[in-house]
**Student:** 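Below are the structure tokens for one structure; questions will follow.
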Amino acid sequence: MSNSQDKTFTLTNDQTGESYKLPVLDGTQGPSVVDVRKLYAETGHFTFDPSFTATGSCKSRITYIDGEKGILQHRGYKIEDLAEKSSFLEVAHTLLYGDLPTEKELAKFTKDITYHTMVHDQVNYFFRGFRRDAHPMAVMCGVVGALAAFYHDSLDIWDPEQREISAHRLIAKIPTLAAMTYKYSVGQPFMFPRNDLSFSENFLYMTFAVPPEPYKVNPVLARAMDRILILHADHEQNASTSTVRLAGSSQANPFACIAAGIASLWGPSHGGANQAVLEMLDQIGDKKNIPEFLERAKDKDDPFRLMGFGHRVYKNFDPRANVLKKSCDEVLEDLGIDDPRLELAMELERIALEDEYFVERKLFPNVDFYSGIILKAMGFPTSMFTVLFAVARTVGWVSQWKEMIEEPSLRIGRPRQLYTGPDARDFVEMKDRK
Ligand code: SDX
């Protein structure tokens, strides 16, 4: 970040004629920012940006998105290259430590993560408290937050070693908890993690293996799982990552922060969209119904939205959707599955992208539009889709949390507001209230 002294914005108060010079800060890529940290002290005014459409909440060196050009980079590496040539743990190392690992670094990181995949045996008892038909994200919010009750030796956020152990524990244990959440929902016994399997192979094993018979991981599914995790790993300051940062800014422990991120990701406007896309495709049912649903999506009085379409930042295309669409074909072909929902989704995309409403508003398929079709083909129930998103995004959350804690000055996040409530008024005794 550079603050070339001569770059400023001048703000003029038209009522008083006073002018204020605001510094402009440049990053390495993307828009520069106007530094308004002194605005209130100098002008007595706040900025106003309720859903942060034009607000930079932090500096970060992790992920860069150019929404106009459909660019997504992690530590400068293009998502297309990472999805094609890298592995999820390699991307995790890159997000966490800043660069693609050497062979030796990857071997050590893989071992570190592998040997943290087991959870404390008493965590199992938490599951017994949930109904079998609880939404898996409700279970994940609970059990991930509860990890803070077990790992007291990695709660000190100011100790770099404890920060690293809690980061590894979260990356390693959340897939185990996710698989346990699925097993609990179908009444099958939990499967212990296996240290001889890769990250994605192990996750598929813990989810789909059963004790009475051996389970052979399908390499095509393992590769598809790894690619899906890479595509969901991090995404700048999205709602759930911003939630993790805000929780972390109060110096809450990392397990609590990640649990907060899971809660935020659950919403259908965010990570819950992948589940909502499948439900929407099932609701549409047949190509002949597409026009009716597109009209509903445009109708402001109708709460129906085209799930998996639109994005706050991508206004051209979501590069992740392109990769997932390709992956969809590969997985369905390998499994010999002819899912009519894929054809319906492609027809829906074709018609929507010819419709002025969607074109005018730059609404394109996002990462959630195709992911659900692959996950369904792999055997995951719709209710588990957002859990899988959380398994992947934990790497991004933990990396962004670590980056924030390691900033020279951590300050609690505390936005202000525009107050529009009643003026000051006297208390009214009960007998005088009408
Ligand atoms: C993710 O931030 C991230 O990076 C998120 C994410 C990540 O990796 O972390 O990429 C993951 O959350 C992807 C998004 C998944 N959500 C969905 O697919 C749900 C459907 N999409 C919409 O809810 C919406 O597009 C959002 C939430 C994604 C973005 O909302 P914005 O930026 O606040 O846009 P908006 O609501 O202001 O919409 C602008 C216009 C509005 O119409 P007008 O008022 O201008 O007439 O576009 C319309 C909206 O009504 N619109 C849609 C629409 N999305 C926006 N109309 C119909 N269907 C849609 N899906």
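None of the values given here were measured: they were computed from a predicted structure. Scope of the values below: all heavy atoms of this structure, side chains included, with no hydrogens, waters or symmetry mates. Counting convention: from 1, in listed order, for ligands and their atoms alike.
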**Student:** To which protein heavy atom is atom 2 (O) of ligand 1 closest, and what is the distance rounded to 0.1 Å?
**Tutor:**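 Atom 2 (O) of ligand 1 sits closest to the protein heavy atom Asn238 CB, 3.4 Å.
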
**Student:** Could you go through the salt bridge (Lys or Arg N to Asp or Glu O under 4.0 Å) check for Arg227 and Glu330 one step at a time?
**Tutor:** CA-CA 12 Å; Arg227 185 174 290 153; Glu330 286 165 15; 3.2 Å; yes

**Student:** Do you see a donor-acceptor pair shorter than 3.5 Å between the side chains of Lys173 and Thr117?
**Tutor:**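 Side chains of Lys173 and Thr117: no pair found under 3.5 Å.
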
**Student:** Examine the side chains of Gln73 and Thr63 and answer whether a donor and an acceptor come within less than 3.5 Å of each other.
**Tutor:**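 Side-chain D/A pair, Gln73 to Thr63: absent.
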
**Student:** For ligand 1, which atoms sit closer than 4.0 Å to a heavy atom of Gly310?
**Tutor:**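 Those of ligand 1 that fall under 4.0 Å from Gly310 are 25 (O), 28 (C).
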
**Student:** Do Glu279 and Gln275 meet the criterion of a side-chain donor-acceptor pair at a distance under 3.5 Å?
**Tutor:**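 The answer is yes; a qualifying pair exists.
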
**Student:** Is at least one protein non-hydrogen atom found at under 4.0 angstrom from atom 34 (O) of ligand 1?
**Tutor:**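 Answer no: nothing from the protein, no heavy atom, is under 4.0 Å.
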
**Student:** Heavy-atom distances under 4.0 Å are what count here, so tell me which part of Lys300 touches ligand 1: side chain, backbone, both or neither.
**Tutor:**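 Within the 4.0 Å criterion, Lys300 contacts ligand 1 through side-chain atoms alone.
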
**Student:** Out of His311, Arg361, Arg312, who gets a non-hydrogen atom closest to atom 3 (C) of ligand 1?
**Tutor:**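 The residue whose heavy atom sits nearest atom 3 (C) of ligand 1 is His311.
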
**Student:** Would you mind checking which non-hydrogen protein atom is closest to atom 54 (N) of ligand 1, with the distance to 0.1 Å?
**Tutor:**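 Atom 54 (N) of ligand 1 sits closest to the protein heavy atom Leu363 CD2, 3.8 Å.
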
**Student:** Given Leu72, Asp302, Asn366, Asp234, which has its nearest heavy atom closest to atom 14 (C) of ligand 1?
**Tutor:**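 Comparing heavy atoms across Leu72, Asp302, Asn366, Asp234, the nearest one to atom 14 (C) of ligand 1 lies in Asn366.
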
**Student:** Less than 4.5 Å apart, any side-chain heavy atom of Pro381 and any of Tyr182?
**Tutor:**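 When only atoms from C-beta onward are counted, Tyr182 and Pro381 do touch, with a gap below 4.5 Å.
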
**Student:** Does either side chain, that of Tyr314 or that of Glu68, offer a donor lying less than 3.5 Å from an acceptor on the other one?
**Tutor:**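 Not at all, the side chains of Tyr314 and Glu68 share no donor-acceptor pair under 3.5 Å.
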
**Student:** Examine the proximity of ligand 1 to Arg393 and report which part, side chain or backbone, both or neither, has a heavy atom under 4.0 Å away.
**Tutor:**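 For Arg393, the contact with ligand 1 is made by the side chain alone.
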
**Student:** Distance to 0.1 Å, residue and atom name: give those for the protein heavy atom nearest to atom 13 (C) of ligand 1.
**Tutor:**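 Looking at atom 13 (C) of ligand 1, the protein heavy atom closest to it is Asp368 OD2, 3.4 Å.
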
**Student:** Taking side chain as C-beta onward, heavy atoms only, is Ile290 less than 4.5 Å from Ile284?
**Tutor:**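 With C-beta onward as the side chain, the pair touches.
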
**Student:** Looking only at non-hydrogen atoms, which of Met307, Arg305, His270 approaches atom 1 (C) of ligand 1 most closely?
**Tutor:**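 Comparing heavy atoms across Met307, Arg305, His270, the nearest one to atom 1 (C) of ligand 1 lies in His270.
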
**Student:** With a 4.0 Å heavy-atom cut-off (strictly under), which part of Pro268 contacts ligand 1: side chain, backbone, both or neither?
**Tutor:**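 Backbone only; the side chain of Pro268 stays clear of ligand 1.
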
**Student:** Where's the contact between Ile65 and ligand 1, heavy-atom distance under 4.0 Å: side chain, backbone, both or neither?
**Tutor:**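 Neither; nothing of Ile65 gets under 4.0 Å from ligand 1.
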
**Student:** If we only count N/O pairs under 3.5 Å, is Gly308 in contact with ligand 1?
**Tutor:**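 Yes - when backbone and side-chain N and O of Gly308 are compared with those of ligand 1, one distance drops under 3.5 Å.
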
**Student:** Would a search of protein heavy atoms around atom 37 (O) of ligand 1 find one under 4.0 Å away?
**Tutor:**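 So atom 37 (O) of ligand 1 lacks protein heavy-atom neighbours under 4.0 Å.
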
**Student:** Give a yes or no answer on whether the side chain of Gln162 reaches the backbone of Asp156 with a donor-acceptor pair at less than 3.5 Å.
**Tutor:**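 Indeed, once roles are kept as given, a pair shorter than 3.5 Å links the two residues.
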
**Student:** As an exercise, identify every atom of ligand 1 less than 4.0 angstrom from a heavy atom of Ala297.
**Tutor:**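 Here the atoms of ligand 1 in question are 56 (N), 57 (C).
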
**Student:** What protein heavy atom lies closest to atom 4 (O) of ligand 1? Include the residue and the distance to one decimal.
**Tutor:**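 Answer, as residue, atom name and distance: His235 ND1, 2.6 Å.
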
**Student:** Is Lys315 in polar range of ligand 1, meaning some N or O pair under 3.5 Å apart?
**Tutor:**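 N/O-N/O distance below 3.5 Å does not exist for this pair.
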
**Student:** Taking atom types as modelled, find out whether Thr47 and Asp49 have a side-chain donor-acceptor pair closer than 3.5 angstrom.
**Tutor:**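 There is no such pair between these side chains.
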
**Student:** Have a look at Leu306, Thr53, Asp299 and point out the one with the heavy atom closest to atom 58 (N) of ligand 1.
**Tutor:**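 Checking each option, the heavy atom nearest atom 58 (N) of ligand 1 is found in Leu306.
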
**Student:** Ignoring hydrogens, tell whether any protein atom lies closer than 4.0 Å to atom 6 (C) of ligand 1; use the non-hydrogen atoms only.
**Tutor:**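 Flag for atom 6 (C) of ligand 1 set to true, protein heavy atom closer than 4.0 Å.
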
**Student:** Hey, does Thr241 have a side-chain heavy atom less than 4.5 Å from the side chain of Arg393?
**Tutor:**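 Arg393 vs Thr241: side chains touch.
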
**Student:** Between Tyr115 and Met118, is there a donor-acceptor pair closer than 3.5 Å when you use the side chain of the first and the backbone of the second?
**Tutor:**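 No; zero donor-acceptor contacts below 3.5 Å.
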
**Student:** Determine whether a donor-acceptor pair (N or O, by modelled atom type, separation under 3.5 Å) exists between the side chain of Asn274 and the backbone of Phe385.
**Tutor:**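 Checking the backbone N and O of Phe385 against the side chain of Asn274, a donor-acceptor pair under 3.5 Å is found.
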
**Student:** With atoms numbered from 1 as shown, which atoms in ligand 1 lie under 4.0 angstrom from a non-hydrogen atom of Ala273?
**Tutor:**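 Within the 4.0 Å cut-off of Ala273, ligand 1 contributes 15 (C), 16 (N), 17 (C), 18 (O).
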
**Student:** When you measure from atom 20 (C) of ligand 1 to each heavy atom in Phe309, Tyr357, Phe304, which option holds the nearest one?
**Tutor:**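 Residue with the shortest heavy-atom distance to the ligand atom: Phe309.
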
**Student:** Establish, for the pair Arg361 and Tyr357, whether the NZ or CZ atom is under 6.0 angstrom from the six-membered ring centre and no further than 45 degrees off its axis.
**Tutor:**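 Relative to the ring axis of Tyr357, which defines the angle, Arg361 lies inside both limits.
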
**Student:** Would Lys298 count as a contact residue for ligand 1, given that I'm defining contact as a non-hydrogen atom of the residue lying under 4.0 Å from a ligand atom?
**Tutor:**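 Heavy atoms of Lys298 never come under 4.0 Å of ligand 1.
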
**Student:** Of all the non-hydrogen atoms in the protein, which one sits nearest to atom 16 (N) of ligand 1, and at what distance?
**Tutor:**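 Sorting protein heavy atoms by distance from atom 16 (N) of ligand 1 puts Ser269 O, 2.9 Å first.
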
**Student:** Under 4.0 Å from atom 43 (P) of ligand 1, do we find at least one protein heavy atom?
**Tutor:**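 Yes, because at least one protein heavy atom sits under 4.0 Å from atom 43 (P) of ligand 1.
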
**Student:** Picking from Glu164, Arg75, Glu105, what satisfies side chain to side chain donor-acceptor pair (under 3.5 Å) with Tyr97?
**Tutor:**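 The passing option is Glu164.
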
